[in-house]
Undergrad: 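Have a look at this one before I ask anything.
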Protein chains: 2
Amino acid sequence: MTDDFASILSSERLQAGGSGPLYVKLRRTLEEAIRTGSLGHGDALPPERDIAEFATVSRVTVRKAIDELVSDGLLVRRHGSGTFVTKPVSRVEQRLSQLTSFTEDMARRGMTSRSEWLHKGIHTPSPDEMMILGLATDVKVSRLSRLRIADNQPLAIENASVSGEFLPDPFVVTTSLYAELERHQVRPVRAVQRISATNMKEEDARLLGVSVGAAGLSIERISYLGSGRAVEFTRSLYRGDAYDFVAELTIGTP
Amino acid sequence: MTDDFASILSSERLQAGGSGPLYVKLRRTLEEAIRTGSLGHGDALPPERDIAEFATVSRVTVRKAIDELVSDGLLVRRHGSGTFVTKPVSRVEQRLSQLTSFTEDMARRGMTSRSEWLHKGIHTPSPDEMMILGLATDVKVSRLSRLRIADNQPLAIENASVSGEFLPDPFVVTTSLYAELERHQVRPVRAVQRISATNMKEEDARLLGVSVGAAGLSIERISYLGSGRAVEFTRSLYRGDAYDFVAELTIGTP
DNA sequence: TCTTACAATACCAAAAAAATACCATTTACC
DNA sequence: GGTAAATGGTATTTTTTTGGTATTGTAAGA
């Protein structure tokens, strides 16, 4: 039982929860906590047994309270895993200014995350790639494409292009492209990110499970070595209805 | 096992790592060590077996912790060789950006810019505004709405809400909201910006001269005083086909 | 008295977590 | 070059945690 819950479920609060059966008071208390944000979207509730013990009621009573919140759509149960606060719109935030990892970010929201590879291959560079990566005519380019999935919902398509000089064999990449580059002592030190909005084309829409024309957040990133040489070029397309990009800015004093 | 690791993985630290499963605590401990620099980039971790023995957990548990750090790009594995700390891109930080005005922004891009006021007024705050700006019930809010035009093309709709305490009279604002706030010694020092993609509604599409459903870049910004008090809340909608948001990221150890 | 809502107890099943045992690759030393 | 030690990789099993369900008891109201 977390400390947060100690205050949320304090017996005073439960008693003050108005009249009626125990499970109704408990439900109102939980509902209030969700609406006020004491329980954030994606947060896990403590185990039913813990709640029962803390509120000194039986587990069935706790379950009855939770039952109603589940049928109202405020909570979601996962057998063997826990009970979680639902997200009204499944919005995921990425905070650049914080050092939170993707896994932890998702875990904090009670979401599981994984990837599916769509493509790995060696290609003759497109004009775009040649220009951006500054390739000689005879150098090949490695392309890696994958679908990022959160809570079994496709969230984004990631297309990476890397110069063959830095990544001759794209098939060795398993989880992290950057980890693979690191293995060859290739270390980008700077990146430029370009964020724009675009309407989904048919194939992207199909992969992401949205309708054609839906708004998508396109993020293009080019990363550079200390020498100024471009290493990698990634085009990502995020579902506009499921992804927020959050940045914190500080104002310089002139 | 090095002495360094003895302190990094001391069982006290592992216990103090908060609640949750063992592998999560272990992951957090390692992550912390990497972030604080106790483990520099390029350093090798001790063998998994050693870590397991020292932390008195099974090797699989150690591997699970390391797995997540690998997929986040903080660590790199080399079969038969060891596990090493990388200098990953997932640890990018957005360079301290200045809160630039639209005019400056466009000037930097070599474009002429002007605005057309759509609305100025004093209103009873909406629930959104009350929550975000932290307003008392009897305080009014000033709303400013204008169309931003660059190179004679409508580019964005800007809706600003400012607490009446800071801007009692919105009609005095002519060009820059920030300049007007500055006149009253109101100086935001921090802002949080949320960028997302959305499909244009009819009215927005008409004002911006695009078709309904076209992709738009929605940027919400809340700016704060040094005290943490929110000053202003701006919702902007940019034409997705005409505006890019560019951020430069530097990669490095904090 | 009978019905019904409420609450408690005891046990079931699924999922996650952790441990065990064994496999594959790299490195180093001979 | 070959071989053994060291290291990460994987499959399988066991334990623990968590929600799910059936049964029973109790008290209020028809």
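The sequence lines fix the lettering, A, B, ..., with proteins before strands; numbering per chain opens at 1. Everything numeric in this text was worked out from a predicted model, so none of it was measured.
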Undergrad: With side chains defined as the heavy atoms from C-beta onward, is the minimum distance between A:Glu232 and A:Arg221 less than 4.5 Å?
TA: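 A side-chain contact under 4.5 Å exists here.
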Undergrad: Which whole-number value in Å describes the distance from A:Asp50 CG to D:dT16 C1'?
TA: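 It works out to 14 Å between those atoms.
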Undergrad: In whole Å, I'd like the distance from the CZ atom of B:Phe84 to the P atom of D:dT7.
TA: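 Distance, rounded to whole Å: 10 Å.
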Undergrad: To the nearest Å, give me how far apart CD1 (B:Ile51) and P (D:dG9) are.
TA: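 Those two atoms, CD1 and P, are 12 Å apart.
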Undergrad: Taking only the side-chain nitrogens and oxygens of A:Arg63, find out if one of them lies under 4.0 Å from OP1 or OP2 of D:dG20.
TA: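 Affirmative; the distance criterion is met.
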Undergrad: Which residue in the set A:Ile132, A:Val139, A:Val141 passes side-chain contact (heavy atoms from CB on, under 4.5 Å) when paired with A:Ser163?
TA: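 Exactly one option meets the side-chain contact (heavy atoms from CB on, under 4.5 Å) with A:Ser163, and it is A:Val139.
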Undergrad: Do A:Arg143 and A:Glu129 have side-chain heavy atoms sitting under 4.5 Å apart?
TA: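 A side-chain contact exists here, since the closest heavy-atom pair is under 4.5 Å.
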Undergrad: Let me spell it out: for each of A:Thr61 and A:Arg49, pick the nucleotide of DNA chain C with the closest heavy atom. Which residue's pick is nearer the 5' end?
TA: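 The residue closer to the strand's 5' end, by nearest nucleotide, is A:Thr61.
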Undergrad: For the pair A:Ser211 (side chain) and A:Ala214 (backbone), establish whether a donor and an acceptor sit closer than 3.5 Å, ignoring hydrogens and angles.
TA: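 Checked: no pair found.
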Undergrad: Measuring only between side-chain heavy atoms, which start at C-beta, is B:Phe233 closer than 4.5 Å to B:Glu220?
TA: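 Result yes, sub-4.5 Å side-chain heavy-atom pair found.
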Undergrad: Taking only side-chain N and O atoms of B:Thr83, does any of them lie within less than 4.0 angstrom of OP1 or OP2 on D:dG8?
TA: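 For B:Thr83, the contact criterion (side-chain N or O under 4.0 Å from OP1 or OP2 of D:dG8) is met.
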Undergrad: I need the NE2-P distance between A:His79 and C:dC12, as an integer number of Å.
TA: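 Distance check: A:His79 NE2 to C:dC12 P gives 13 Å.
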Undergrad: For C:dA18 and B:Ser58 - does any side-chain N or O of the residue sit under 4.0 Å from the phosphate oxygens OP1/OP2?
TA: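 No, because none of the side-chain N or O atoms of B:Ser58 sits under 4.0 Å from OP1 or OP2 of C:dA18.
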Undergrad: Provide, to the nearest angstrom, the distance between the CZ atom belonging to B:Arg77 and the C1' atom belonging to C:dT26.
TA: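 These atoms are roughly 15 Å apart.
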Undergrad: Does C:dA17 have OP1 or OP2 sitting under 4.0 Å from an N or O in the side chain of B:Lys64?
TA: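 Yes, because at least one side-chain N or O of B:Lys64 sits under 4.0 Å from OP1 or OP2 of C:dA17.
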Undergrad: Name the pairs: protein N/O against N/O of nucleotides 25-30 of chain D, kept only if under 3.5 Å.
TA:
none

Undergrad: Please give, in whole Å, the distance from D:dG19 C1' to A:Leu69 CG?
TA: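 Taking atom C1' of D:dG19 as the reference, CG of A:Leu69 is at 16 Å.
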Undergrad: For B:Arg78, answer base if it contacts any base atom (sugar-phosphate contacts may also be present), sugar-phosphate if it contacts only those atoms, and nothing otherwise; contact means non-hydrogen atoms under 4.0 Å.
TA: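 B:Arg78: backbone/sugar contact only, no base atoms under 4.0 Å.
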Undergrad: Whole-Å distance between C:dA8 P and A:Glu48 CD?
TA: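 My rounded result for the distance is 14 Å.
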Undergrad: If the cut-off is 4.0 Å, is B:Tyr23 near the phosphate of C:dA18, judged by side-chain N/O to OP1 or OP2?
TA: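 For C:dA18, neither OP1 nor OP2 has a side-chain N or O of B:Tyr23 closer than 4.0 Å.
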Undergrad: Quick one, A:Thr124 and A:Lys140 - any side-chain contact, counting heavy atoms below 4.5 Å?
TA: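 Yes, their side chains come closer than 4.5 Å.
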Undergrad: Would you call B:Ile66 and B:Val70 a side-chain contact if the rule is heavy atoms closer than 4.5 Å?
TA: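 Yes, close enough: below the 4.5 Å cut-off.
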Undergrad: Distance check needed: D:dG8 P versus B:Arg59 CZ, whole Å only.
TA: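 The answer, rounded to whole Å, is 7 Å.
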